[in-house]
Undergrad: 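Got a structure here, written out as structure tokens. Questions coming.
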Amino acid sequence: MIDLVARAQHGDADAFGLLVAGLTDRLYATAYLVLRDRALAEDAVQEGLVRTWTELPRLRDHERFEAWTRRIVLRQALDEARRLRSRPRLAALDADGALADGGHEHIGVRDWLDRALATLTAEHRAVLVLRHYLGLSVPEVAGALDLPLGTAKSRLHHATQAMRAALDADARADARRHTA
Amino acid sequence: MTGHRTPHDRTSIDDLLAERFRADAPAEAPSWLLPAVQERITRTPQQGSRPGAGLGRFLAVAAVLVLAIGAALVLPDLLNRGVGVLPSSSPAPSGAPSPSGSASVEPSPSASAAPSASPSTAPPSGPAAPSGDAEVVLLAVTSVCDVTPPVIMPAIVVTADGTVVWQATSADGLATEYRTRRLSAQGLADLHDRLAGTGLLAASGRYEAEVRPGVEPPGMGGCLHTFTYRSDPAGEPVIVESSGWYGDELESQYFVPAPERRTLDELLAALREPEAMLGPDAWFAEGGPFVPDRYLVVAVPSVPQLVTAGAPDVDDVTWPFDAAPDAFGEAVVTGSAEARCGIADAGRVETLAAELAAAGLEQFAGDLMGAGAVLPWASRDAALDVGIWPVVADDAPGCDDLVSSAGRSAP
């Protein structure tokens, strides 16, 4: 009864503040990595936490507060991404599969990764972020994104494959440039 | 291209991603973000806590902890004492069909927690009602999860007259309201068959998650499910405890195979939705919300920093007991704190709740099925965490049960 989740469930805003204070940085970083936009990440976290508050009384298992909050914020982040999907600004692949914009520049691994990540949908970036940034297990990734386990596995596989394809394509293009 | 790695294997891509994410992730959220959230939530009501709402979702919300500590935790002890959960004698809990038979249970339209069950009879051509005693608990299932303090939630309670009280679950798996409905005689027999069919409730036992030799599972919380079951209303109850099932993947990776735990976990999941489990023809009467007529009040010393915004001073509210908040009821120890605990009539508790709601604590508005807040306590230069939960049985939950339940540990 006395734990912070129970208090927050009963409308104690201060208890809620204490609960999320330790989570906000990580939630924000996660949302940013998924959305790759600080303003969007701020919106996602803020809206997600308010939604967490309003729905908190329905949380059955207090132990799952952190995972549950993360799930809500991620859902908010993906909603933000879907709203922006009509305005594509992501890098495109050329005929060889290499990244087209700036592809002739001398780029390093960091750029490769960023550009390859930019080719992914937010949904696919999300599984990579959860798996490799937060270190979640695949079942935990599935839970965080509210996906069936098989879908999460499939999405992680495809995201990884897409990263590999993009990176390899750029490597081939880079090799051609060096031999030309 | 200098210094680059061309990842051709999965491991290198995984490593690169982890490294890149760590480098790219902002170390901190903007400093204004959390205060902005806090400012917004102070003017954002939680679901089910809107003032003036009808039978609010708050009932459902609060019911999580309400019946949790109230009914379920108490139930095993009640069973040992031979006390029923849904007594037919006065005062009967609202919403609980009487053993004499109820055609329907009317949801209370008001915020009052007064008893609302109406006597009724079975339809002339309808199913027969169970003839058992409403004071005999046949089945009580609770889940204790290892938060601090532990939270114990009753998943379902069934008495010998066929009355079922359970916590409904929404489509997305969240706890919602507590409901009550009376099984037909055949429905109750079907339930017994389902329970017996597991082969695990014939004798007391305990099934714990046993870690495989040589592996160390990651830190995981867990719940302990307790099934207290009487196949014969006159017999002694069987008590079966089982650690929650972590899912096939984690189980196969870290734990010794335990089909019993999986079976019991699946049984609990089914029991949480008894109407779906037993079908539409299993019932003697329509169902309705469970409405209590008395409340358990617990007051625990707290820290002033946690005082709920807008909360009135404890000394200024109408306390539902004759004795002061530091002297009413009985002393109990929950965790490391010494608390006071007592049971008060619904009317007196509702007066307190109305005052708190009027002060802006919306969780106390509407139908009071459980609420809590930290209030300032000027005369003690302290704060008091006041929690209110409904009583679901004639003399339960008792404060002793609350303490004993809070002291249980999860696996």
Side-chain angles (χ1 to χ4, degrees), chain A residues 1-3 5-7 9-18 20-21 24-25 27-30 32-33 38 42 45-46 49-50 53-64 106-110 112-114 117 128-129 131-133 137-139 149 160 163-164 167-168 171 174 178, chain B residues 1 3-7 10 13-14 16-18 20-21 24-26 28-30 33-34 36-38 40-42 44 46-49 58 61 64-65 69 145-149 151 153 170 174-176 221 247 249-250 298 300 306 308-309 334-335 337 361-363 371-374 385 387:
Chain A
M1 158 198 171
I2 325 172
D3 75 290
V5 177
R7 283 177 176 158
Q9 280 189 315
H10 293 157
D12 188 332
D14 294 328
F16 183 78
L18 291 172
V20 300
T24 307
D25 290 345
L27 290 171
Y28 174 66
T30 303
Y32 169 77
L33 292 173
R38 288 179 184 265
E42 290 162 5
V45 173
Q46 185 173 173
L49 289 179
V50 171
W53 163 257
T54 60
E55 296 188 7
L56 184 57
R58 300 165 61 219
L59 178 64
R60 181 189 287 271
D61 184 352
H62 291 193
E63 175 201 352
R64 297 191 176 280
H106 183 77
I107 58 176
V109 172
R110 171 177 170 160
W112 273 16
L113 286 168
D114 286 350
L117 283 168
L128 293 177
V129 169
R131 185 79 177 97
H132 300 300
Y133 174 63
S137 66
V138 178
L149 181 58
T160 306
M163 289 293 295
R164 180 178 294 120
L167 290 167
D168 286 351
D174 186 66
H178 279 78
Chain B
M1 182 174 300
H4 78 263
R5 285 171 285 176
T6 303
R10 177 177 174 175
I13 288 181
D14 292 352
L16 286 170
L17 283 169
R20 182 69 197 113
F21 286 147
D24 200 26
E28 294 179 341
L33 187 56
L34 190 55
V37 169
Q38 289 222 260
R40 284 184 60 186
I41 66 173
T42 57
T44 304
Q46 291 177 307
Q47 287 188 0
S49 61
F58 185 72
V61 169
V64 173
L65 291 177
I69 297 178
C145 300
D146 58 350
V147 295
T148 304
V151 172
M153 300 187 213
S170 66
L174 296 175
T176 59
E249 186 166 331
L250 290 177
V298 180
V300 188
L306 290 176
T308 305
T334 59
L361 304 186
E362 295 177 336
Q363 65 267 37
V374 183
D385 187 349

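In what follows, every chain begins at residue 1, and chains take the letters A, B, ... in the order their sequences are listed.
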Undergrad: Chain A: which of B/P26, B/A18, B/A25 shares the most heavy-atom pairs with it under 4.5 Å?
TA: B/P26
Undergrad: Given that the side chain runs from C-beta out, which part of A/Y32 has a heavy atom under 4.5 Å from chain B: side chain, backbone, both or neither?
TA: side chain
Undergrad: Can you measure from CD1 (B/I41) to CZ (A/F16) and round to the nearest 0.5 angstrom?
TA: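 Separation between the atoms: 5.0 Å.
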Undergrad: So does A/A13 get a backbone contact from the side chain of B/Q38, meaning a donor-acceptor N/O pair under 3.5 Å?
TA: yes
Undergrad: Atom CG of B/L34 and atom OG1 of A/T24: how far apart are they, to the nearest 0.5 Å?
TA: 4.5 Å
Undergrad: What part of A/L128 is in contact with chain B, defined as an atom under 4.5 angstrom from a non-hydrogen atom: side chain, backbone, both or neither?
TA: both
Undergrad: Give, for atom CG of B/L33 and atom CD of A/Q46, the distance between the pair rounded to the nearest 0.5 Å.
TA: 6.0 Å
Undergrad: How far does CG of B/L17 sit from CZ of A/R131, to the nearest 0.5 angstrom?
TA: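 Reported value, rounded in 0.5 Å steps: 11.5 Å.
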Undergrad: How far apart are the closest heavy atoms of B/A29 and A/Y28, and which atoms are they?
TA: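 Closest pair (atom of B/A29, atom of A/Y28, distance): CA-CD2, 3.4 Å.
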